[in-house]
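Here's the structure we're looking at; comments come further down.
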Amino acid sequence: MNSTEKSTTVHWVDRYASEIAATGKPAVVSSGISPSGEIHVGNMREVLTADAVYRGLLERGHPARFNYVADNFDPLRKVYPFLEPAVYDKYVGCPLSEIPCPCGEHGSYSEHFLEPFLAALNELGVEVEVERADQMYKSGRMTPWILKALEGRERIAAILKELTGKQVADDWSPFTPLCRSCGRTNASRVTGFSATDETVFYSCECGDSGDVPFAGGGKLVWRIDWPARWCMLGVTVEPFGKDHSTRGGSYDTGKRIIAEVFDGEAPFPIPYEWIRLKGKGDMSSSRGNVLSINRMLEVVPPEVLRYLVIRERPHKTIGFDPGLPLLQLVDEFDDNTQKRRDARAVELSRAGGFEPVGVPFKHLVVVGQAVRFDVDKMVETLRRNGFPELARDALDQRIPYAKRWLESFAPEDVKFSVQETLPEAAASLDETQRRFLGRLGTRLVDGMEGEQVHQAIYETAEEFAGTKPGDLFQAIYLSLLGKPRGPRAGWFIALLGPLFCKRRFEEAAGGPT
Ligand SMILES: [Zn+2]
Ligand SMILES: [Zn+2]
């Protein structure tokens, strides 16, 4: 797509927003997640997709609300690898909101994962009404739909059979009771219910039987819970992962159930594809293949994470590589001269105090390493080397990201450290390399800029026409860094100081030549 096409193409967010606004009804955008493990970058696609459309609606002046449902009343499915089996074995099947937290500092298992996620949402500029599923049930707000579902059991079973091809078991119920004795929702079956008392009768594998109230005494199974929630919250727009959008998937069945059993209407669907972690496949917390949002927010500004999601259309997979491509993403976001930059996505990615720095992120990584992340020296170095107008505040904000990215995700060949004294590796330099360094040293004078140093290297190399340029550059890096490769040489020497390099090259050459 060329830039002319791009500017005339309606952004996906605006396409959805205008379609939704055209219905004339106030919008309720919803998203949700089960906080059963660390919430990762992959989970972020749902909430950021919803947030972008929500912002698109508000910008149009269309009335809209945005809620986020934490599915904390879902049962713990298994003892995940990050859990202590001796402690958590007995909680499999119990609602996440009723299980103790792994660290002892949160109110429950689900809060342990939810709290950091809500903090991340705040940082990402996502303003959302948080709904906790356990509260939705315990408060009785779900009760009308529990009754309708129990009464509509035959109709629901027929819809499920028709759309999924599967016949439910004779004792199947749309409601899973929370056993009073063992605390599980996955071990008991419904034996009857009373509409007047609003109670469900059950008998459990553990031997217990009795009754529980509709309110908080269990939950609807997922395929019925979802449309019931659409009704209860009045949801009109919802993004969901492709696993729910297949034929006979939970959106298909939910759409029929809400129409035929709950007398409502399914929300406008926004199916989205996964975020694929480069080299590791789809992100999934149950498989332990995760990159937590909080960890990501340490290395990239929140705006850039928003941009990662919002610039791609929802039905396209996002390949995410936290190595070098992440640096390019930051620069694409930052630099309005870049062709690939999606200006509308940048607009929709605002999250607060972000200031463009005007220095490529990779550049910060190099300069930072050259002066060991001494901020004053970085500012001075950058001002001297091509960034005279540099804003100190913006830089103060950005430097820690560069530093943490380097520690967490930088490929080995990006890392270097300028050696205080002539590195041992310089002993391997041959006679030609030494002479080259000596000659180059004579050309270096204080105050030279990158381009001038580059020219000096070029002219010196011409005197060594018979030698491969690669060997000559290797000599420069070995004598400064003790490794054969490094940042662009002319610019790098100017950055380190031509006089410092001059002395180092002369030393490597075996004295002034
Ligand atoms: Zn905890
Ligand atoms: Zn039980």
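Only heavy atoms go into these numbers, but all of them, side chains included; no hydrogens, no water, no symmetry mates. Whatever order the structure lists them in is the order used to number ligands and atoms, beginning at 1.
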Open item on the list: Using the rule side chain to side chain donor-acceptor pair (under 3.5 Å), only one of E273, E312, K242 pairs with T317; which is it?
Closed with: E273
Open item on the list: Can you see whether Y68 engages D51 through a side-chain donor-acceptor pair at a distance of less than 3.5 angstrom?
Closed with: no
- [ ] Verify whether one side chain among Y202 and D208 offers a donor that lies under 3.5 Å from an acceptor in the other.
- [x] yes
Task: Positive for salt bridge (charged side-chain N to carboxylate O under 4.0 Å, His left out) with E98, one of K219, K138, R184 - done: K138
Task: Sum of protein N, O or S atoms, each under 2.8 Å from the Zn ion (ligand 1) - done: 4
Open item on the list: With 2.8 Å as the threshold, which protein atoms of type N, O or S lie near the Zn ion (ligand 2)? Leave waters out.
Closed with: C179 SG, C182 SG, C204 SG, C206 SG
Open item on the list: Tell me if the aromatic rings of F240 and W226 count as close, with their centers under 6.0 Å from one another.
Closed with: yes
Task: From N186 atom CG to D74 atom CG, the distance as rounded to the nearest 0.5 Å - done: 11.5 Å
- [ ] To the nearest 0.5 Å, tell me how far M378 CE sits from H363 NE2.
- [x] 9.5 Å
TODO: Measure from the side-chain N and O atoms of R306 to the backbone N and O of L124, and report whether any donor-acceptor pair falls under 3.5 Å.
DONE: yes
TODO: Quickly, which of D331, L308, V299 forms a side chain to side chain contact (heavy atoms under 4.5 Å, CB included) with L326? Name it, please.
DONE: V299
